[in-house]
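To find a chain, count down the sequence lines: A is the first, B the second, and so on, and within it residues start at 1.
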Amino acid sequence: MLIGMALLVLLIIAVALIGWLIASYNGLVRLRNQVQNAWAQIDVQLKRRHDLIPNLVETVKGYAKHERETFERVTQARNIAMAAKGVAERAEAENVLTGALKTLFAVAEAYPELKANQNFLRLQEELTSTENKVAFSRQFYNDSVMGYNTRIEVFPQNLIASTFGFGRLEFFEVKAEAEREAPKVSF
Amino acid sequence: MWEQIRANRRRSVLLISGMALVLLALGWIGGELIVGPGGGLVGLAFALIIWGVQLTIYMTSAESLLLHGAFARELERDDCPRLFNIVEEMKLASGLTFLPRIYLVDDPAPNAFAIGNRADSGSIAVTTGLLHRLNRDELQGVIGHEVGHLRNRDVQFMTLAAVMLGSIVILSEAIWRTMRFGGRARNRSSSRGGGKEQLILFVVALLFAILGPLMAQLLYFACSRKREYLADASSAQYTRYPEGLASALQTISQARVPLSFASKATAPMLIVNPLQAAGEESSVFSTHPPTTERIRILRSMGGASLADYETAYRRARGGSCLGAETLQTAQPVAMRPPSTEGPIEVRRNVRDLTYRLNGYLPLHCSCGLDISVPERYERDEIRCIRCGTVLRIPAASPLPVSRGEGQGEGSPLRYNRTRQGWESFRCACGRTIQISPAFAASHVKCANCGRSINLQ
């Protein structure tokens with residue numbers, strides 16, 4: 001009778017433990033998927049930005065023919081960004097592209113006719129917003145990574161994380177303004 | 001960092017269960033009292049039926065009823081690309097899984113609301129007054145607040161709570177009436193015995209009938225206020241710029257224009273309750289915290305995280321708002337600098353947009369007068385009331401007929417574009433069609449008769 005009770009208690013504990021294990025494991029998987037999903041969102045926005053750039057350069061070229069250097073810098077930065085691999089390298093390349101685009105818009109300020117062009121205005125709004133969207137997706141990605149990294153480090157989830165190979169994930173960092181000056185391109 | 005939302009959900013479940021218990025207890029007691037001993041189950045069933053019917057009505061039609069009641073028009077991307085972009089930005093920042101539908105309410109009072117009773121859809125409505133008055137940062141703050149409501153499932157939760165509250169009020173009203181009018185007859189029939197139990201039951205029912213709805217209301221309003229704070233905190237976190245929302249709230253509360261569709265039913269949905277003065281200290285029956293208080297908390301935030309909001313809240317009001325667990329994530333979240341952009345749409349554009357949504361056709365006379373022609377006006381010319389010039393109303397003309405084809409009802413039309421800003425013209429069926437300067441397709445479809453119109 002007593003042994004039976006003890007066995008029953010043990011059984012209940014075992015079932016509860018397994019239940020907790022499954023729930024924690026699934027929780028971690030969910031978080032990791034959220035991070036991956038957030039990364040996919042950044043990808044979508046970056047790709048959209050790459051797609052908009054040739055159009056923008058063409059439009060600006062029609063009005064500002066003498067700014068060849070700026071166009072080439074933007075195109076170059078775009079090509080580098082499109083070829084970049086890995087979180088850190090891509091973050092770096094995208095920062096350079098952001099800087100180059102800023103220069104392009106600054107150049108456009110000097111051409112009143114260009115600034116009145118509907119197509120240019122639309123592209124400018126789309127690119128500004130895409131820029132914001134990149135920033136916001138990155139923000140959400142980083143928030144998700146922070147949540148995930150905290151989760152896999154606290155006890156007792158860290159035991160599950162290390163057993164099933166849940167590793168830390170990288171942040172998508174933006175360096176200080178001074179560091180992300182676009183490199184000088186010489187021809 | 002989504003922990004506090006989970007904690008919030010736990011509290012909500014507790015609250016809803018509490019209200020459900022009150023509802024069931026009311027049903028049981030009412031049944032025992034009205035039907036007689038053993039009638040508790042009947043009462044329970046009655047309570048559940050009232051609740052079920054109300055819930056079905058709310059869940060299926062509340063969204064469209066509210067949007068129709070406010071005369072909200074759904075916007076397309078081309079109508080207002082910047083507003084769409086801002087909503088998309090906030091969707092990404094919050095990790096919302098769907099893009100809310102966007103509605104415009106033609107009302108000079110600045111306000112906004114979010115509505116959606118399902119996990120995978122929702123709508124955000126803004127007034128034209130809001131678009132007129134706010135710059136991009138401010139609008140972003142407001143949209144952040146509304147997306148926060150959607151993301152935190154506030155609308156669903158408040159609907160559930162409102163249905164529960166409504167059912168409790170109906171039930172207690174029923175019990176109250178029975179006790180007043182049917183009390184004597186029942187006393188006679190039960191005089192055989194158990195008079196004492198009956199009396200106790202009577203007193204308990206009385207207490208429940210009075211206190212139940214009151215308690216439920218207090219809980220409901222307390223919850224509504226908490227959720228406004230939470231949505232403010234979410235907005236600050238998404239935008240990383242609390243000042244945007246703070247200054248938007250200031251503009252909205254200072255606007256001295258009454259909102260045409262404001263009523264007790266819609267007030268809880270809006271970003272600022274138009275029936276409540278800005279500086280007014282909130283009472284236990286307020287749906288929103290005082291706006292001045294919300295602004296003060298947002299402006300005293302040291303960073304943009306939920307922990308910063310919690311700290312600012314504690315400093316301003318004392319007590320806890322989002323729960324102590326928010327303070328544990330010590331990772332600092334920096335604010336971003338303000339954007340340099342001005343008002344999101346110049347007045348002119350918003351006016352053109354509302355013209356289109358309401359079927360008006362804007363005409364500009366060479367003397368400088370702007371005329372808006374309603375769809376009801378059937379002639380194809382109009383005389384300028386200032387200079388007397390006769391203006392032609394632009395309209396789509398039939399395509400040149402090729403042999404063998406008649407000019408039937410649904411035959412295609414053609415319109416020559418002027419390519420100067422927004423263009424409005426009439427379809428042959430009389431419907432006004434407006435195309436944006438960015439519209440690049442070669443055809444447009446009339447929303448009324450479905451005819452395809454060739455643009456040249």
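Summarising the local packing, CD1 of Ile3(A) is surrounded by 12 or fewer heavy atoms from other residues, nucleotides or ligands at distances under 6.0 Å.
Between chain B and the residues Ser129(A), Ala38(A), Ser137(A), the most heavy-atom pairs under 4.5 angstrom are made by Ser129(A).
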Next on the checklist: side chain to side chain contact (heavy atoms under 4.5 Å, CB included), that's the test. Do Leu92(B) and Gln139(A) meet it? Break it down for me.
Outcome noted: CA-CA 9 Å; Leu92(B) 289 171; Gln139(A) 180 182 308; over 6 Å; no
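In this structure, Thr130(A) OG1 and Glu88(B) CD are separated by 9.0 Å, a value rounded to the nearest 0.5 Å. Separating the CD atom in Glu126(A) from the CZ atom in Arg82(B) is a distance of 11.0 Å, to the nearest 0.5 Å.
With a 4.5 Å cut-off on side-chain heavy atoms, Phe136(A) and Lys91(B) do not count as touching.
Contact check on Arg77(B) versus Glu125(A) returns no salt bridge, with no Lys/Arg side-chain nitrogen under 4.0 Å from an Asp/Glu carboxylate oxygen.
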